[in-house]
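Numbering of residues begins at 1 and proceeds along the displayed sequence.
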Amino acid sequence: MEKHVEKMLSLGFRFNPSAEDLITFYLPRLIAGKPTKDTEKFVCRADVYGSEPSDLAGKFAPVPRCEKGGRFFFTSCKRHKGSSTKKERTAGAGTWVRQNSKEVKNKAGVKVGETQNFRFKKDGSYTDWLMEEHHCCRQQAVAGDEEPVICRMYVSPRAPPDSAARQESAAFVQQQPAPQVSEPPCDKKKRDDVAEEAPAAA
């Protein structure tokens, strides 16, 4: 699998699906338990609403060469008890606050789903973490009080260079072990010199 993905990336492959692609192609396959090969690598399964974005950023790598950067997650959002429309979007000590929503239509103009946009808020202040939540119109996508969705989490392009969100987003890369550099073999002459200079054992 890793070799397959590496080959795709070396050929210039970019995982940069449109909202329609996420809703009509990727999401139904994930719900059916039949993800495509690229989905296995680039769309991670995680409880987006059980963790703060900084925690997720430390566990999952951003998708390489993807517009806006960021990470894709297959997750589910839960409805508030007694409500058919309101959903819980608390995440750790913060919450995802909805900014706007947009209908997603196919080429024939038929609505196939909806994309809702959120911004993460913590301690009473908005952060630079943004998220798109992609919903499918199909009724079979909803199971009980939970609805499976694909989320795209990323740092706002307008975030300043010293933004906390930018530093949190880089956490996964920073915690990866540095490649080990093997020491070059010693020159034979130098080895002989060292051997000659070594004191004799007592």
Side-chain angles (χ1 to χ4, degrees), residues 15-24 26-27 30-31 39 42-63 66-105 111-139 141-174:
F15 185 77
N16 195 34
S18 65
E20 182 184 347
D21 291 336
L22 290 172
I23 291 169
T24 63
Y26 291 102
L27 185 53
L30 285 163
I31 293 172
T39 307
F42 298 131
V43 182
C44 306
R45 293 173 180 266
D47 183 6
V48 172
Y49 304 105
S51 305
E52 294 184 22
S54 58
D55 296 327
L56 293 170
K59 296 177 182 178
F60 300 95
V63 174
C66 178
E67 183 182 358
K68 295 182 181 178
R71 299 151 170 87
F72 291 84
F73 297 102
F74 176 52
T75 188
S76 59
C77 52
K78 300 178 181 179
R79 291 188 178 86
H80 281 292
K81 292 182 179 180
S83 174
S84 60
T85 56
K86 291 184 178 181
K87 299 180 176 67
E88 297 178 3
R89 292 189 176 87
T90 54
T95 184
W96 288 101
V97 180
R98 190 168 74 169
Q99 306 293 296
N100 55 62
S101 61
K102 180 180 179 180
E103 290 186 353
V104 178
K105 298 181 180 180
K111 180 180 177 180
V112 294
E114 182 181 52
T115 295
Q116 298 182 14
N117 295 284
F118 297 84
R119 188 166 187 174
F120 191 67
K121 189 175 184 179
K122 184 178 178 180
D123 298 329
S125 300
Y126 283 105
T127 70
D128 289 315
W129 279 109
L130 304 178
M131 185 174 70
E132 300 169 359
E133 192 180 81
H134 301 277
H135 299 254
C136 179
C137 280
R138 298 182 181 182
Q139 290 298 318
V142 181
D145 290 332
E146 297 189 3
E147 178 186 354
V149 294
I150 289 181
C151 293
R152 182 180 190 173
M153 189 184 77
Y154 59 99
V155 177
S156 170
R158 299 180 180 179
D162 60 348
S163 166
R166 287 195 186 279
Q167 296 175 24
E168 293 165 354
S169 182
F172 181 89
V173 177
Q174 292 173 350

### Query
Is the backbone of A93 close enough, under 3.5 Å, to the side chain of E52 for a donor and an acceptor to pair up by distance?
yes
## Note on the structure
On a heavy-atom basis, the closest approach of I23 and E114 is CD1-N, 3.8 Å
### Query
Can you check whether R119 reaches S156 side chain to side chain, under 4.5 Å on heavy atoms?
no
### Query
Where is the tightest heavy-atom contact between T75 and A46, given as atom of each residue plus distance?
OG1-O, 2.9 Å
### Message
Measuring from atom CD1 of I150 to atom CG of D21, what distance do you get when rounded to the nearest 0.5 angstrom?
### Response
10.0 Å
### Spacing of K111 atom NZ and K105 atom NZ [to the nearest 0.5 Å]
9.0 Å
### Query
Which atom names give the shortest non-hydrogen contact between R166 and P157, and what distance separates them?
NH2-O, 3.4 Å
### Message
Using only atom types and a distance under 3.5 Å, with no angle test, would you say the side chain of S51 pairs donor to acceptor with the backbone of L56?
### Response
no
### Summary
Scanning both residues in full, the closest heavy-atom pair of T95 with R89 reads OG1-O, 3.2 Å
### Query
Any idea which heavy atoms bring K121 and G124 closest together, and the distance?
CE-O, 3.5 Å
### Query
Below 4.5 Å, heavy atoms only, C-beta onward: do Q99 and Y126 meet side chain to side chain?
yes
### Message
Within the structure provided, determine whether F120 and S54 are in side-chain contact (heavy-atom separation under 4.5 Å).
### Response
no
### Query
Is V48 close to M131 at the side-chain level, that is, under 4.5 Å between some pair of heavy atoms?
yes
### Query
Got a second to check how far H135's NE2 is from S101's OG, nearest 0.5 Å?
9.0 Å
### Query
Shortest non-hydrogen contact from D128 to A165?
CB-CB, 3.7 Å
### Message
What's the separation between atom CG in D162 and atom CD in Q167, rounded to the nearest 0.5 Å?
### Response
7.0 Å
### Query
Is R71 reaching over with its side chain to a backbone N or O of S169, donor-acceptor style, under 3.5 angstrom?
yes
### Query
How long is the span from the CH2 atom in W129 to the OG atom in S163, to the nearest 0.5 Å?
9.0 Å
### Task
Verify whether one side chain among W96 and E133 offers a donor that lies under 3.5 Å from an acceptor in the other.
no
## Note on the structure
Sorted by chain and residue number, the ring-ring contact (aromatic ring centres under 6.0 Å, His included) partners of F72 (sequence neighbours excluded) come out as F15
### Task
Report yes or no: does T115 contribute a side-chain atom to a donor-acceptor pair with the main-chain N or O of H134 at less than 3.5 Å?
no
#### Entry: All ring-ring contact (aromatic ring centres under 6.0 Å, His included) counterparts of F60, not counting sequence neighbours
F73
### Query
Any side-chain heavy-atom pair from L22 and L27 closer than 4.5 angstrom?
no
